[in-house]
Amino acid sequence: MSQNESSAGMKLTLRVWRQPNASAPGKLVDYSLANVSPDASFLEMIDQLNEQLIHAGEEPVAFDHDCREGICGMCSMTINGIPHGPERATTTCQLHMRHFKDGDTIVIEPWRAGPFPVVRDLVVNRESFDRIIQAGGFISARTGSAPDANEIAVPKQVADYAMDAAACIGCGACVAACPNASAMLFVAAKASHLNALPQGKPEQDRRVLAMVRTMDGLGFGSCTNIGECSAVCPKEISLDHIAHLNRDYLVASVKNYFSKVE
Amino acid sequence: MKLDAKIPAGPLAQKWDLHKANLKLVNPANRRKYRVLVVGSGLAGASAAASLAEQGYQVSCFCYQDSPRRAHSIAAQGGINAAKNYQNDGDSVYRLFYDTIKGGDFRAREGNVYRLAQVSVDIIDQCVAQGVPFAREYGGLLDNRSFGGAQVSRTFYARGQTGQQLLLGAYSALSRQIGLGQVKMYNRHEMLDLVMVPDSSGEPHAKGIIARNLVTGVIESFSGDAVLLCTGGYGNVFYLSTNAQGCNVSAIWRAYRRGAGMANPCYTQIHPTCIPVHGDEQSKLTLMSESLRNDGRVWVPKSKEVAAKLRARQIKASDVAEADRDYYLERKYKSFGNLAPRDISSRAAKEACDDGRGVASSGFGVYLDFSDAIKRLGEDKIKERYSNLFEMYERITGDSAYRSPMMIYPAVHYTMGGLWVDYNLMSNLSGLFVLGEANFSDHGANRLGASALMQGLADGYFVAPYTLSDYLARTGAGAPSTDHPAFKSAQAQVNDRLNRFLSIQGDKTARHFHQQLGKIMWEYCGMARTEAGLKKALQLIPELRAEFWKNLRVPGTGESLNMEIERAGRVADFLEFGELLCRDALDRDESCGGHFRSEHQDAEGEAARDDEHFNNVSVWESQGENKPPVKHVEPLVYEEVHLAKRSYK
């Protein structure tokens with residue numbers, strides 16, 4: 001349905017995870033919400049719920065969100081069991097209510113993964129992702145030290161491949177969807193992006209070892225090639241990157257065995 | 001208030017180099033004795049924090065999001081300008097400088113803009129070295145595209161996600177420094193006040209901030225040798241804008257209330273290509289990159305009757321014969337056509353809709369049509385260039401722009417005004433530096449496309465690291481203790497204010513007041529402004545503010561994650577700032593760039609400047625809560641450029 005054909009609002013039952021803070025137990029609570037426009041985004045629907053809750057003297061549902069255009073990676077809701085909900089390649093903020101029906105019950109939970117502890121309600125702590133990047137998700141290029149941008153030619157296919165991987169928004173849906181809570185798709189996307197480019201080669205081995213070691217140390221699970229991560233990824237990051245990371249990790253480990261690369 | 005722009009002497013092309021040669025330096029071994037507070041982690045903040053840390057300074061960086069990678073720079077789509085002239089089409093530093101001055105309708109400083117054009121080339125080098133995957137040609141060299149307001153192809157891009165890739169580049173440099181322990185990162189912290197501490201001679205210096213830990217609610221004091229505000233623009237004063245939900249004016253507004261001058265707040269940019277508004281619950285507007293205007297043609301029907309049928313969905317866009325279409329940008333602006341600058345394109349869309357020829361169901365929408373480009377280049381080529389934008393459009397509207405034209409309408413997108421800074425990017429308060437969209441410096445009354453990313457990174461990578469070092473070398477190391485009375489008193493004021501929000505217990509939410517403010521701003525201070533309308537707004541906003549403080553409801557407590565107390569603080573500041581914006585718009589009795597006063601237009605409806613009275617920067621000084629501010633003026637001196645009527649015909 002296009003935006004100009006929308007009809008009257010929907011009535012929904014929302015079953016939402018409420019948890020006052022990190023240490024308190026949480027539970028699912030049912031709310032009834034009427035007059036939801038099919039053109040509203042999922043988060044605008046939650047806004048509407050929160051206005052209703054505040055007017056009723058209750059505390060609104062805490063949730064993470066910012067750009068609301070699918071790029072900042074902040075929004076994070078598991079909707080009916082699927083991180084970011086049922087639509088392919090879509091973040092929660094870009095999911096629109098026209099994909100739901102009048103009378104639906106929608107279950108809304110936070111990301112569920114050990115390394116993403118719940119902060120409150122639907123808000124989780126994803127600083128573990130930052131820690132992985134801090135360990136090696138960069139090319140060391142001090143400001144001012146760069147050669148001319150066209151000095152190194154990068155074949156278009158390589159640049160495109162790097163860009164495909166670099167499209168990751170760091171939302172963490174891959175971890176939330178994985179039965180093992182593995183962060184391999186996230187780590188692989190960053191490693192692929194940087195390892196593919198000529199500028200990223202000098203640090204490749206160090207990068208791969210440091211990122212994987214940090215990931216493991218933070219309690220993310222192992223990858224068993226299930227593929228849920230890629231299926232829910234709003235940017236459709238391919239599983240191929242995990243294969244490349246495994247290859248790069250093996251090479252780096254062997255090199256490191258014979259002479260320390262770190 | 002003393003306003004000394006400190007533009008260096010000498011020929012325009014040599015000012016920056018001469019100035020750099022004269023700046024004081026801090027010995028590498030001494031740099032670790034200094035702590036710099038960087039507020040915001042977007043392009044300006046992340047690049048500044050990373051570069052200063054690389055130089056050896058201790059840096060603390062703050063962002064309200066859960067990670068520095070989320071800052072709203074990430075949403076910029078189209079590209080970043082640089083005077084590389086890789087296309088051999090006549091580009092140069094001078095031409096980028098001139099285009100930017102002209103695009104800004106001759107209301108920016110020559111010296112700052114020339115420097116921006118100069119360092120633009122270094123930015124591209126830096127970003128490529130970091131691994132930013134810019135688009136490439138088959139030969140492996142960098143590709144460029146055209147953007148509004150320029151007749152050369154100087155825009156570098158990474159599909160429709162250039163802002164994301166540039167921010168991730170800066171974020172990776174920042175992350176490296178966090179990992180090395182050189183930067184201490186404070187996620188989910190929001191700055192609520194600036195702390196000024198007098199030096200031995202009694203002159204106040206910016207030496208700290210008060211921030212709220214958004215998870216625990218704890219109000220904390222942070223002390224440093226200087227403060228950099230890289231906190232973005234204030235577009236959300238209009239409620240509906242393309243900004244992220246959390247974007248706010250609070251950091252620069254709190255600095256203003258501590259004595260920093262607010263420059264040209266009425267210079268706001270309305271972006272011509274956004275998805276039209278759909279209903280009352282709408283929380284934000286989504287931009288469709290200006291790059292789409294490279295291949296899309298903007299049109300409305302020539303007749304109101306046809307437009308009415310389109311609105312009622314009795315006919316489709318493709319049913320309208322070529323002869324019945326008005327490609328109004330191509331008609332009015334022959335040499336720039338669909339790539340006319342943003343302010344001009346936006347007003348032209350408004351004119352067409354006000355004339356009853358809008359095509360969206362609300363009446364506020366025009367077509368951006370790709371059918372010719374698809375015929376000429378094939379659908380695959382269009383997909384390669386814009387697939388992510390077309391997908392985004394379809395996700396939001398349910399329509400495919402490959403099959404029928406996009407519908408677009410202007411929306412608030414960027415704000416050129418901000419805190420006044422001198423050539424060194426320091427505000428009138430010693431030690432308070434302002435970078436990126438938060439300052440007023442480079443875009444005059446209208447910003448050209450692909451120049452925001454350029455400015456954010458220029459300020460953070462290549463300007464502030466030099467000029468801040470000079471300030472630090474002059475003042476010496478010595479951040480005050482947070483036990484200083486200035487910290488104690490600022491912290492108490494912040495606490496009082498939060499308690500006031502909680503104690504009102506009225507029956508309207510902060511969102512309600514924000515929406516009401518947005519309606520006033522858009523109605524009376526949007527794309528076209530009049531004296532009567534602005535006077536009306538200046539009466540309505542204080543009334544709304546009074547009601548806010550009587551009837552606000554904030555649930556919960558201040559001692560936990562509480563989105564409503566965050567929102568209340570931001571809306572309270574917007575309610576004060578919106579009044580200043582309207583006051584500035586009323587005071588600037590001319591039209592220029594994004595500031596269009598209906599009283600001042602030429603026979604063809606174009607903005608008519610008044611160079612005799614307004615060739616200057618308006619800088620407002622706070623006199624305290626609910627007291628009218630005082631206006632100061634910095635004259636604009638044009639040594640190189642001849643003030644001309646801006647023409648894109």
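Chain letters run A, B, ... following the sequence lines, proteins first and then strands; every chain starts at 1.
With hydrogens and angles left out, the side-chain atoms of Asn195(A) and Asp248(A) include a donor and acceptor closer than 3.5 Å. Side-chain N/O atoms of Asp130(A) and Tyr171(B) include a donor and acceptor closer than 3.5 Å.
Using cut-offs of 30° and 60° on the angle between ring planes, the pair Tyr161(A) and His244(A) is tilted.
Proximity of the aromatic rings of Phe100(A) and Phe42(A) is defined here by a centroid distance below 6.0 angstrom, and this criterion is met.
For the set Gln55(B), Arg553(B), His72(B), Gln282(B), the count of heavy-atom pairs under 4.5 angstrom toward chain A peaks at Arg553(B). Between chain B and the options Asp64(A), Asn21(A), Asp121(A), Asn125(A), the largest number of non-hydrogen pairs under 4.5 Å is found for Asp64(A). Chosen from Glu281(B), Glu391(B), Met185(B), the residue pairing most often with chain A at heavy-atom distances under 4.5 Å is Glu281(B). Interface summary for chain A: among Met563(B), Gln130(B), Gln164(B), Gln161(B), the most heavy-atom pairs under 4.5 angstrom belong to Gln164(B). With chain A as the partner, the residue from Pro133(B), Ala71(B), Gly179(B) showing the most heavy-atom pairs under 4.5 Å is Pro133(B).
Within a 6.0 Å sphere centred on CZ of Arg131(A), other residues, nucleotides and ligands contribute 12 heavy atoms or fewer.
Interface residue Leu168(B): only side-chain heavy atoms are found under 4.5 Å from chain A. Looking at Phe134(B), the atoms closer than 4.5 Å to chain A (heavy atoms on both sides) all sit in the backbone: N, CA, C or O. Of the two parts of Thr286(B), only the side chain, counted from C-beta on, holds a non-hydrogen atom closer than 4.5 Å to a non-hydrogen atom of chain A. The part of Arg120(A) that comes within reach of chain B is its side chain, from C-beta onward, which places non-hydrogen atoms under 4.5 angstrom from that chain.
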